[in-house]
> 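Submitted below is the structure of interest, expressed as structure tokens.
Hydrogens, waters and symmetry mates play no part in the numbers below; they use all other heavy atoms, side chains included. Note that the structure is a prediction, hence the values are computed from the model and not measured.
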Amino acid sequence: QVQLVESGGGLVQAGGSLRLSCAASVRTFSNYAMGWFRQAPGEEREFVAAISRSGGNTRLADSVKGRFTISRDNAKNTVYLQMNSLKPEDTAVYYCAADLPVLSNYAGVRLIEYDYWGQGTQVTVSS
């Protein structure tokens with residue numbers, strides 16, 4: 001069983017930066033593709049970013065391209081989401097998710113593809 005714990009959320013002013021971390025308690029973290037999703041109040045959970053097992057393939061939602069970066073450190077069993085130039089529209093609960101893909105370079109964008117989820121961390125961007 002995989003346990004995921006997000007951290008790094010908080011309150012930040014528009015234009016500021018924040019780095020989220022997701023620590024995974026697994027034996028073979030490198031077997032998992034990882035993703036970040038977010039959910040604002042009254043909205044459905046949406047894709048933000050994903051990264052393949054070794055980090056060679058990354059995908060970003062159009063709304064965050066150029067501002068967010070996803071990365072991972074397999075030695076630390078951790079995936080990160082660096083968020084720059086934050087906007088009030090980025091306010092949401094951010095969730096970390098893990099997927100066990102068939103293809104090693106796969107990074108999925110659909111919620112249904114992910115098998116394990118963290119509890120989320122709140123990000124609030126003030127104007």
> Phe37: which other cluster members, linking ILVMFWY side chains closer than 4.5 Å, directly or transitively?
Phe47, Val93, Tyr95, Val109, Leu111, Tyr114, Trp117
> Locate the shortest heavy-atom distance separating Met83 from Leu20; write the atom from each residue and the value.
CE-CG, 3.7 Å
> Regarding Ser30 and Asn74, do their side chains bring together a donor and an acceptor under 3.5 Å, going by distance alone?
no
> Run Asp99 and Tyr32 through side-chain contact (heavy atoms from CB on, under 4.5 Å) and show every step you take.
CA-CA 5 Å; Asp99 174 37; Tyr32 294 87; 5.9 Å; no
> Cut-off 3.5 Å, side chains only: do Arg59 and Asn57 have a donor facing an acceptor?
no
> Could you check whether Arg53 makes a cation-pi contact with Phe29, meaning its NZ or CZ is under 6.0 Å from the centre of the six-membered ring and within 45° of the ring axis?
no
> Quick check for you: to the nearest 0.5 Å, what is the distance between Ile70 atom CD1 and Gln82 atom CD?
12.0 Å
> Quick check for you: to the nearest 0.5 Å, what is the distance between Ser52 atom OG and Leu103 atom CG?
11.0 Å
> Suppose we screen for salt bridge (Lys or Arg N to Asp or Glu O under 4.0 Å). Which residues come up paired with Arg27, at least two apart in sequence or across chains?
none
> List the steps, then state whether side-chain contact (heavy atoms from CB on, under 4.5 Å) holds for Glu89 with Val64.
CA-CA 10 Å; Glu89 305 90 84; Val64 304; over 6 Å; no
> Between Gln3 and Tyr116, is there a side-chain donor-acceptor contact under 3.5 Å, judged purely by atom types and distance?
no
> Report yes if the side chains of Asp115 and Leu100 come closer than 4.5 Å at any heavy-atom pair, otherwise no.
yes
> Distance-only, no hydrogens or angles: does the Thr91 side chain make a donor-acceptor pair with backbone N or O of Thr124 under 3.5 Å?
no
> Of all the heavy-atom pairs spanning Leu11 and Ser126, show the shortest one and how long it is.
CD1-CB, 4.3 Å
> Is it possible for you to say whether Val26 and Met34 belong to one hydrophobic cluster, with membership spreading through side-chain heavy-atom contacts below 4.5 Å?
yes
> If you look at every heavy atom in Glu6 and Cys96, which pair is closest and at what distance?
OE2-N, 2.8 Å
> Do Thr78 and Arg72 come close enough that some side-chain heavy atom pair is under 4.5 Å?
no
> What distance separates Thr69 OG1 from Arg67 CZ, expressed to the nearest 0.5 Å?
11.0 Å
> Where do Trp36 and Cys22 land on the side-chain contact (heavy atoms from CB on, under 4.5 Å) test, with the steps shown first?
CA-CA 9 Å; Trp36 286 97; Cys22 174; 3.7 Å; yes
> List the atom of Ala50, the atom of Gly108, and the distance in Å for their closest heavy-atom pair.
CB-O, 3.3 Å
> Give me the atom names and distance for the closest heavy-atom approach of Leu18 to Gly8.
CG-O, 3.4 Å
> Does the side chain of Arg38 reach to within under 4.5 Å of the side chain of Arg45, using non-hydrogen atoms?
no
> For Lys87 and Asp90, what are the C-alpha separation, side-chain angles and deciding distance, and is it a salt bridge (Lys or Arg N to Asp or Glu O under 4.0 Å)?
CA-CA 5 Å; Lys87 305 174 181 179; Asp90 295 317; over 6 Å; no
> Counting heavy atoms not belonging to Gln122, are there more than 12 under 6.0 Å from its CD?
yes
> Start with the C-alpha distance between Ser21 and Tyr80, add both sets of side-chain angles, then the distance that settles side-chain contact (heavy atoms from CB on, under 4.5 Å), and finish with yes or no.
CA-CA 5 Å; Ser21 298; Tyr80 305 95; 3.4 Å; yes
> What is the minimum heavy-atom distance between Thr58 and Ile51, and which atoms define it?
CG2-CG1, 3.7 Å
> May I ask you to decide if Phe68's main-chain N or O and Asn84's side chain share a donor-acceptor pair within less than 3.5 Å?
no
